[in-house]
Asks: 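Input: one structure, supplied below.
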Amino acid sequence: GAVVSQHPSWVICKSGTSVKIECRSLDFQATTMFWYRQFPKQSLMLMATSNEGSKATYEQGVEKDKFLINHASLTLSTLTVTSAHPEDSSFYICSARREREQYFGPGTRLTVT
Amino acid sequence: QQQVKQSPQSLIVQKGGISIINCAYENTAFDYFPWYQQFPGKGPALLIAIRPDVSEKKEGRFTISFNKSAKQFSLHIMDSQPGDSATYFCAASRVNQFYFGTGTSLTVIP
C-alpha cells in the first residue's frame, strides 16, 4: 500500500511554455501533499505544501505565480510550471502524507530548452 | 539553518561490511525520524523510521540507533550488498513538517 504516482515521468518543453505535472495517491486519500525540487546530487528542497481544498503554502523564495499548485481532490495534486525557462529544468518530486509518514512519487524530470 | 546534519557525504563499503550513516538534529520538538533510500532517477522510498521513545529499531539488515540525549540517530546497514548502493537521506519531523539531511551516497563494492 501507499503508492504515489506522477505523470509524466519526463517532459521536454520549449522556453515560455507551461507544463503540468500530476501527482496521485493510488491507494489512499491524502489531505496533504508536498512538492519538492531536487538538483543533481543534492537533497530535497521543499517547494510547497498542498492541502486539499485550500491554497498551497509556499516556501520562502518559491514564486507562487510561477509554480501553480492545485489540490483538487484527496488523491490528486498538480504542479504547473508557468512560462518555463531553462533554469526551471530540474527533477520534481511529489509526496503524499498518510498518517505520520509521507510517500514519494517516482519524480518528473523537466527539461526546458 | 540546517535543521538536520548528515554525515558522511559519501561512503564506500565492501560487500558484506557494515554501512553507518549519522544524523544530528537540534530541535527537541521533532518526534519522528525516518530514513529514505533513493536510486538515481527515482523518488525516495521510506526505508525505516523511529520515534524518540525507542532507542533502536531493526528491520532486516537495517537498524536505526537513536540517542535522544545526544540528539543523534544513525542508520546501520548490516551485510551491505551492491544493491544497497544508493543515496540515503535522514529526516526529522514534527506535525506536518519534514526536514531532510543532505544525503549520503553509498557505494558497495563487490
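Keep in mind that this is a model prediction, so the values were computed, not measured. Chain letters run A, B, ... following the sequence lines, proteins first and then strands; every chain starts at 1.
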Asks: Does any heavy atom of chain B fall under 4.5 Å from the side chain of Thr49(A), the backbone, both, or neither of them?
Replies: side chain
Asks: Once you measure the plane-to-plane angle for Phe34(A) and Phe98(B), does it fall in the parallel (<30°), tilted (30-60°) or perpendicular (>60°) bin?
Replies: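 Rings of Phe34(A) and Phe98(B): perpendicular, over 60°.
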Asks: For residues 52-65 of chain A, which side-chain N or O atoms pair as donor and acceptor with protein atoms under 3.5 Å away, sequence neighbours left out?
Replies:
from	atom 1	to	atom 2	distance (Å)
Ser54(A)	OG	Asn51(A)	O	3.3
Tyr58(A)	OH	Phe67(A)	O	2.7
Tyr58(A)	OH	Ile69(A)	N	3.2

Asks: What part of Tyr32(B) is in contact with chain A, defined as an atom under 4.5 angstrom from a non-hydrogen atom: side chain, backbone, both or neither?
Replies: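 Interface part for Tyr32(B): both.
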Asks: Is Gln38(A) close to chain B through its backbone or its side chain, or both, or neither, when contacts mean heavy atoms under 4.5 Å?
Replies: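 The side chain, not the backbone.
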Asks: Is chain B contacted by the side chain of Arg97(A), its backbone, both, or neither, given a heavy-atom distance below 4.5 Å?
Replies: side chain
Asks: Specify whether Phe33(B) and Tyr25(B) have parallel, tilted or perpendicular ring planes, treating 30° as the upper limit for parallel and 60° as the lower limit for perpendicular.
Replies: tilted
Asks: How far does NZ of Lys58(B) sit from CD1 of Ile48(B), to the nearest 0.5 angstrom?
Replies: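 It is 10.0 Å, given to the nearest 0.5 Å.
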Asks: Relative to chain A, which segment of Ser105(B) carries a heavy atom at a distance below 4.5 Å: side chain, backbone, both, or neither?
Replies: neither
Asks: Name the option with the most non-hydrogen atom pairs under 4.5 Å to chain A; the candidates are Ser93(B), Pro34(B), Pro40(B), Ala45(B).
Replies: Ser93(B)
Asks: Tell me, out of Ser43(A), Gly107(A), Gly105(A), Ser95(A), who's got the most heavy-atom pairs with chain B below 4.5 Å.
Replies: Ser43(A)
Asks: Please classify the contact between Gln97(B) and chain A as side chain, backbone, both or neither, with a heavy-atom cut-off of under 4.5 Å.
Replies: neither
Asks: Once the angle between the rings of Tyr36(B) and Phe100(B) is folded into 0 to 90°, is it parallel (under 30°), tilted (30 to 60°) or perpendicular (over 60°)?
Replies: tilted
Asks: Do Val108(B) and Ile77(B) have side chains that approach each other closer than 4.5 Å (heavy atoms only, starting at C-beta)?
Replies: no
